[in-house]
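In what follows, a single structure is set out as structure tokens and then discussed.
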Amino acid sequence: MSTTFGQSTVLGYPRIGANRELKKAVEAYWAGRIDADALAATAAGLRAEVWQTLRDARLDAIPSNTFSYYDHMLDTAVAVGAVPERFRRLGLTDLDTYFAMARGVDAEPALELTKWFDTNYHYLVPEIGPDTVFTANPEKALREYAEASALGITTRPVFVGPATFLLLAKGADPFARLDDLVDTYARILAALADAGVAWVQLDEPAYVADRTAAEIDALRAVYTRLGDLAHRPQIFVATYFGELGAALPALLDTPIEAVGLDLVAGPGNLRWLAAARSLRGKTIVAGLVDGHNIWRADLRKAVTTGATVTALADHVAVSSSCSLLHVPVDLSAETRLDPHLYERLAFARQKVDEVVLLGKALRDGTAQLPEPPPPPPAAWRHDDVRGRLAALAPANRRRGEYTERAAAQQERLTLPPLPTTTIGSFPQTAELRKARAELRAGTLDDAGYAQRMRAEVEHVIRLQEQLGLDVLVHGEPERNDMVQYFGEQLDGFAATDNGWVQSYGSRCVRPPIIYGDVARKAPMTVAWSTYAQSLTTKPVKGMLTGPVTMLAWSFVRTDQPRADTADQVALALRDECRDLEAAGIRVIQVDEPALRETLPLRQADQKSYLDWAVAAFRLATSGVADSTQIHTHLCYSEFGDVITAIDALDADVTSIEASRSKMEVLDDLAAIGYRRGVGPGVWDIHSPRVPALDEVVEALRRAVAAVPARRLWVNPDCGLKTRGYPEVEASLRHLVAAAAEVRGQS
Ligand code: GLN
Ligand code: ZN
């Protein structure tokens, strides 16, 4: 069936529901409180609500199959039959097999979870081997298409495209299976055509990253084959998160009907379009409304961009730049935001209106576009902060020579070789969560809350002393979240009430919004750290979240470069470090777990990012004396791309996730000449398992072989907030004992 694409669309919409209904239903199903039918009913209700919302907003082209119980990559894996044998064997129902792949069961660990491009969304990594038998399972997509049709709504089923699916998969050589996989997609497309589907959307975002010529040729081959099929819906290949580059002419060479381009994250796409040999017969779906951030679009600018595309192509539609999955559902749920901020924001529901308006404006002119918001209030600007940043010299981002620092620190701290420590948080117990809930509900006052937190700090300090750890932490009981905690205390940050975004599966996060100049009003952590330090003679580490991570886990203003915002955060942290130091804190850890995750997708953009990321960290941490020891913590295992940046942070001690990668990172660090302290995690805290003493000894021995013992620290992989006390005590006991054993031998 041949129909035009429509004037306006979105590439996807949040599936969690306006009040996280999906999260609640899925978790109730896992806990056995509701059955599969009840879960299915909730899911169907949520889908119907989304389609009706989109139709009522007068969106012309509405997606389906964007709903997921857990993850859209997992859905695509199931749609092509890529269910590994280790899960099939379990003999579960389809739904439970699906959840087993997502979450693991006692007998089988889950598929690996990893970041979806440069977002905070995590997808499940398909396992594709030479023996994977692909089969076409279009049932989910067909069911959703039929559900929407029953409501009188025609939809466009969405799948991850075959090339991206394999490029993101793991296994011996997943991409080698492309031909087989395309056969299966062909069968799925035939089934969709049988059901009367007019358009299908295949997402190929992997092509906005650097790809080889062979991979681009493969893309051309895939869509030539699918495009040549006699019996198929019209094909819309969506790309997003950046510039498509040389993959665009390759796609345009094929018989597909529509190509989607992200003109927000990839303005350079315009140049590639202009250079295209021919756009005859193609629909260009112009991603003009940012699906990755929460600011209202500059509609006039977007119309201008849209008009440029219209001048080049026969048919143009307007869309969100990527799926709206990455923004909260509805701004109108926010009743307590500053009105000046509110009027600048657009969540998913509002972005749909923007897309519809832009579609109309491109056709009928700009008359009906709403006015842009007035200039920001003067109070959002901090001239003092700007003045201080403008006056900075390179020396403000540099510490003394490392050898002198190390000597001064050792004299002050007198640590044994292989010092033991933890990454910061201790278990967030039910009592702590209860205290926070009571504080929110008003049944516990600030003083009562602080009292309970202090009691927890005391407990954590006593426990660490009893276990014999060398550098202690206060345990972070007062922190709901390592970014939100600081956001609540800094000027320029706002929190939402209901701005939830899916992070993975049923896990949702509520990122703060950085809307104005960031400024510290008062010390943020000093009282907690000094209280903890007052309870012990051992050094207690001050604990801060670094500038890159603060930005990565927030929605960041776009009216100035991220580098400038990062420096503003860094300046606040610099003041905090100085205050901690003045209050007698001898060791300060500045966490940067997100350093790797916001690395730009294309290599050409990576250097400038790493430059400002490193500069901001150094601004935050270089205001202290040589004798104050700076730690940093990073937690992901693929360090390769950022290893020189990690070195450039110039922290005295770097703790990193390493136990799953078997300490390989130590060789990487050695290879680039890293010569400061390093704490490779010797206990994988992502699992509830207590590591045996022998295992920790073994990991330490491997580490000592790669790094001299005097530079080696002994610590877990990451913070302990998700663990329970019994496993934490047992594991830390092994960790301390292992350090003692290896110390004796080295
Ligand atoms: N200090 C933080 C904690 O221990 C670090 C968390 C993280 O790396 N994500 O919880
Ligand atoms: Zn971590």
Side-chain angles (χ1 to χ4, degrees), residues 113-115 120 122 420-429 432-433 453 456-457 460-461 463-464 469 471-487 503-504 507 509 511 524-525 528-529 532 540-554 573 576-577 580 585 587-598 617 620-621 629-639 642 646 649 651 653-661 665 678-687 713-725 727-728 731-732 735:
L113 193 66
T114 198
K115 291 245 140 203
N120 270 329
H122 303 68
T420 53
T421 192
T422 59
I423 305 305
S425 57
F426 268 66
Q428 285 274 340
T429 59
L432 292 176
R433 281 197 295 270
M453 297 301 128
E456 179 68 14
V457 169
V460 169
I461 294 287
L463 174 64
Q464 293 171 92
L469 286 150
V471 172
L472 311 193
V473 296
H474 79 288
E476 305 178 25
E478 78 289 8
R479 302 188 189 176
N480 36 14
D481 171 274
M482 64 186 286
V483 170
Q484 199 184 328
Y485 177 78
F486 291 95
S503 172
Y504 61 88
R507 191 178 148 74
V509 295
M524 303 179 282
T525 64
W528 294 109
S529 292
V540 173
K541 263 197 282 195
M543 202 56 64
L544 304 174
T545 302
V548 176
T549 302
M550 296 269 247
L551 266 57
W553 296 348
S554 302
L573 294 171
E576 187 74 12
C577 284
L580 283 167
I585 299 300
V587 182
I588 301 171
Q589 178 172 311
V590 179
D591 290 324
E592 283 293 22
L595 181 69
R596 169 70 180 74
E597 93 187 26
T598 31
F617 183 90
T621 53
Q629 189 167 70
I630 297 289
H631 289 216
T632 190
H633 166 69
L634 304 138
C635 51
Y636 40 77
S637 31
E638 282 152 34
F639 294 96
V642 295
I646 293 174
L649 296 177
V653 180
T654 304
S655 67
I656 37 184
E657 182 180 309
S659 67
R660 277 182 291 188
S661 63
V665 61
V678 59
V682 290
W683 157 30
D684 174 9
I685 64 91
H686 297 94
S687 125
W713 285 66
V714 182
N715 46 257
D717 255 356
C718 193
L720 308 176
K721 59 181 165 244
T722 58
R723 300 271 64 94
Y725 267 108
E727 50 200 275
V728 162
S731 304
L732 289 179
L735 190 140

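Counting starts at 1 for both ligands and their atoms, following the listed order. Each residue takes its place number in the sequence, starting with 1.
Applying the side chain to side chain contact (heavy atoms under 4.5 Å, CB included) test between I588 and each of T621, T525, L544 identifies L544 as the sole match.
Minimum heavy-atom separation, C635 to P593: SG-CB, 3.4 Å. Across all their heavy atoms, G542 and L580 have their closest contact at CA-CD1, 4.4 Å.
With the Zn ion (ligand 2) as the vertex, NE2 of H633 and SG of C718 span 130° to the nearest 10°.
A donor-acceptor pair under 3.5 Å is formed between the side chain of E576 and the backbone N or O of M524.
The single protein non-hydrogen atom nearest to atom 7 (C) of ligand 1 is C718 SG, 3.6 Å, given as residue, atom name and distance. For atom 6 (C) of ligand 1, the closest non-hydrogen atom of the protein is M482 SD, 3.5 Å. Residue, atom and distance of the protein heavy atom nearest to atom 4 (O) of ligand 1 are S425 N, 2.8 Å.
Between H474 and W528, the two ring planes are parallel [angle under 30°; tilted spans 30° to 60°].
Close approach to D591 involves these atoms of ligand 1, each under 4.0 Å from a residue heavy atom: 1 (N), 2 (C), 5 (C). Short contacts between ligand 1 and G424, defined as distances under 4.0 Å to a heavy atom of the residue, involve ligand atoms 4 (O). Every atom of ligand 1 is numbered from 1 in the order shown, and the set under 4.0 Å from a heavy atom of G719 is 3 (C), 4 (O), 10 (O).
The shortest distance between side-chain heavy atoms of S503 and W553 does not fall below 4.5 Å.
Residue-to-ligand polar distances place H633 within reach of ligand 1: an N/O pair is separated by less than 3.5 Å.
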